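Because only heavy atoms are used, hydrogens play no part in the values below, and waters and symmetry mates are left out as well, while side chains stay in. Sequence lines set the chain letters: A, B, ... in the order given, protein chains first and strands last, and positions in each chain run from 1. Here the structure is a predicted model, which is why all the values come from computation and not from measurement.
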2 protein chains.
Amino acid sequence: MKQSGRTTLTPGIVEQLSLDIAEGHIEPGQKLSEAMLAKRFGTSRGPIREGLRRLEERGLVSFHPNIGARVATYSVKDYIHLFQAREAMEGMTAKLAAESMSLDDKTILRTVFHEHEKQLMNQPDSPYDQDPGDWDFHYLIAKRCGNPILSSLLCDELYQRIRLCRKQHCNTPGRGVRALKEHRRILEAIEENDGELAELMMRRHIAAARKVLESFLLANPTTIK
Amino acid sequence: MKQSGRTTLTPGIVEQLSLDIAEGHIEPGQKLSEAMLAKRFGTSRGPIREGLRRLEERGLVSFHPNIGARVATYSVKDYIHLFQAREAMEGMTAKLAAESMSLDDKTILRTVFHEHEKQLMNQPDSPYDQDPGDWDFHYLIAKRCGNPILSSLLCDELYQRIRLCRKQHCNTPGRGVRALKEHRRILEAIEENDGELAELMMRRHIAAARKVLESFLLANPTTIK
DNA sequence: CGAGGCATAATTGTCAACAATCTAATCTTA
DNA sequence: TAAGATTAGATTGTTGACAATTATGCCTCG
């Protein structure tokens, strides 16, 4: 595939592969053969390698010299550590959102919340890794908090890694209705421009999820798919 | 340069370039010619490009199609945003450090603090970007907080970007003795295993630095070097 | 003298080939 | 038969070459 206009091949490869990995179309730990990927994307190995290097930096791929790239795998400890980082960063995004998010975005956030509510009414005990409503809520706050540095760190890096963990350590329990109630409090705090409360609620929300995770994962040491 | 043993070229290039950029041997915004870098490292352009892609993902380099790579530049707003992210993440590292850092590391932390103290006695008004004592304190806490995810995000990504900002928007004022006093409180909280207090103190410390930065940068709109 | 256009040079994006390393299948031998 | 060595195949790491694009210098023209 030759060069076309002002675009370049690598960004597209990164985006597509990142999606495939986060959505689970490629399993954690799976080998990523450069020749295979080159064939799939219709390019040579050069742009593929550049893309893999970027994904390596995002923590989605790991390189081993002379052996090649694999989809990253995370230990149970790493999973917990990701949640600790999330707690700190998302607490801040909730605070910023409350303090400076546009009214339009806050309206959208409420819509997302109601979608989550409806979805939960229909199937109240959906497992954690099939709960897009919960996910959309957090994603929107992170994306529109007004701090692009935090948005990028969370949306491009942390979230994808956590999705990887969920695929790997499957059957992680969701928190269903309790999570929704906590979302309501966060939403209200954001709507009332109460940054301090929004941060506190978000941190409690994520800390609670982390604790459920901890007890579950320690009870079931290796639920590796 | 051919392949030698189990190592590969890219990691060394990344490490060296990252250092050069963070330490200011290469100016923000400067062009990074692939041919020049290849000559300098004694390799072909392949490994250079792979390294640049990784640095791009770290926010130290920006690519422009058909034009090439430059050392990243950050706006004043980005500088503030980096401090907001830092506040959230370093607050958490201080908390974790207080709760689970080894005694040996806490001893080292006290030594680093005293070094900072001595350094400040000798030259009390060193500018912000020539204040390694302050820096070492934060770096050690981040590195040894026990959460490798946070350590890596802070040490490999955020800190380097902030150093870039300091080079670009120079003459940022330091906070001298006041910063040291706040460090003492953080240190004491960590030594007493008081995670909650350590986090609070660290957040105030960084928020205070951010506010000084805000008023200074808004007063001197473009102090671009 | 300055603005705009053209040709040339330099640089980037991509590719295909080569050398080094790893993988596996087969063969040998105890 | 099982363990180890050996060899052929496949994959990675690196390189140099070529096409596309951009930057530079020169020239023309107003």
Which whole-number value in Å describes the distance from [X] [atom1] to [N] [atom2]?
X     : N      : atom1 : atom2 : answer
B/L37 : C/dT11 : CG    : P     : 12 Å
A/I48 : C/dG13 : CD1   : C1'   : 14 Å
A/F63 : D/dT11 : CZ    : C1'   : 13 Å
B/M36 : C/dA10 : CE    : C1'   : 15 Å
B/R70 : C/dT11 : CZ    : P     : 13 Å
B/R45 : D/dC18 : CZ    : C1'   : 11 Å
A/K39 : C/dC15 : NZ    : P     : 16 Å
B/R53 : C/dG13 : CZ    : C1'   : 9 Å

Side chain of [X] only, please: which of [options] is the nearest?
X     : options                : result
B/S44 : C/dG13, D/dT14, D/dT12 : D/dT14
B/E34 : C/dG13, C/dA17, C/dC15 : C/dG13
A/L9  : D/dT22, C/dT14, D/dT14 : C/dT14
A/T43 : C/dC15, D/dT14, C/dC22 : C/dC15

Q.
Checking A/R49 now: which residues fulfil salt bridge (charged side-chain N to carboxylate O under 4.0 Å, His left out) with it, not counting sequence neighbours?
A. A/E34, B/E50
Has [X] got a side-chain N or O lying under 4.0 Å from the OP1 or OP2 atom of [N]?
X     : N      : result
A/K31 : D/dA10 : no
B/T8  : D/dT14 : yes
A/R49 : D/dT12 : no

Q: Have a look at B/G46 and say if it touches a base, only the backbone sugar-phosphate, or nothing, with a 4.0 Å heavy-atom cut-off.
A: base
Q.
Can you tell me if A/Q30 has over 12 outside heavy atoms packed within less than 6.0 Å of its CD?
A. yes
Q.
I'd like to know whether the aromatic ring centres of B/H183 and B/F137 sit less than 6.0 Å apart in this structure.
A. yes
Q | Residue pairs, two or more places apart or on separate chains, that pass ring-ring contact (aromatic ring centres under 6.0 Å, His included) and touch residues 56-77 of chain B | A |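 Qualifying pairs, neighbours excluded: none.
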Q | Geometric class of the A/H138/A/H205 ring pair [parallel <30°, tilted 30-60°, perpendicular >60°] | A | parallel
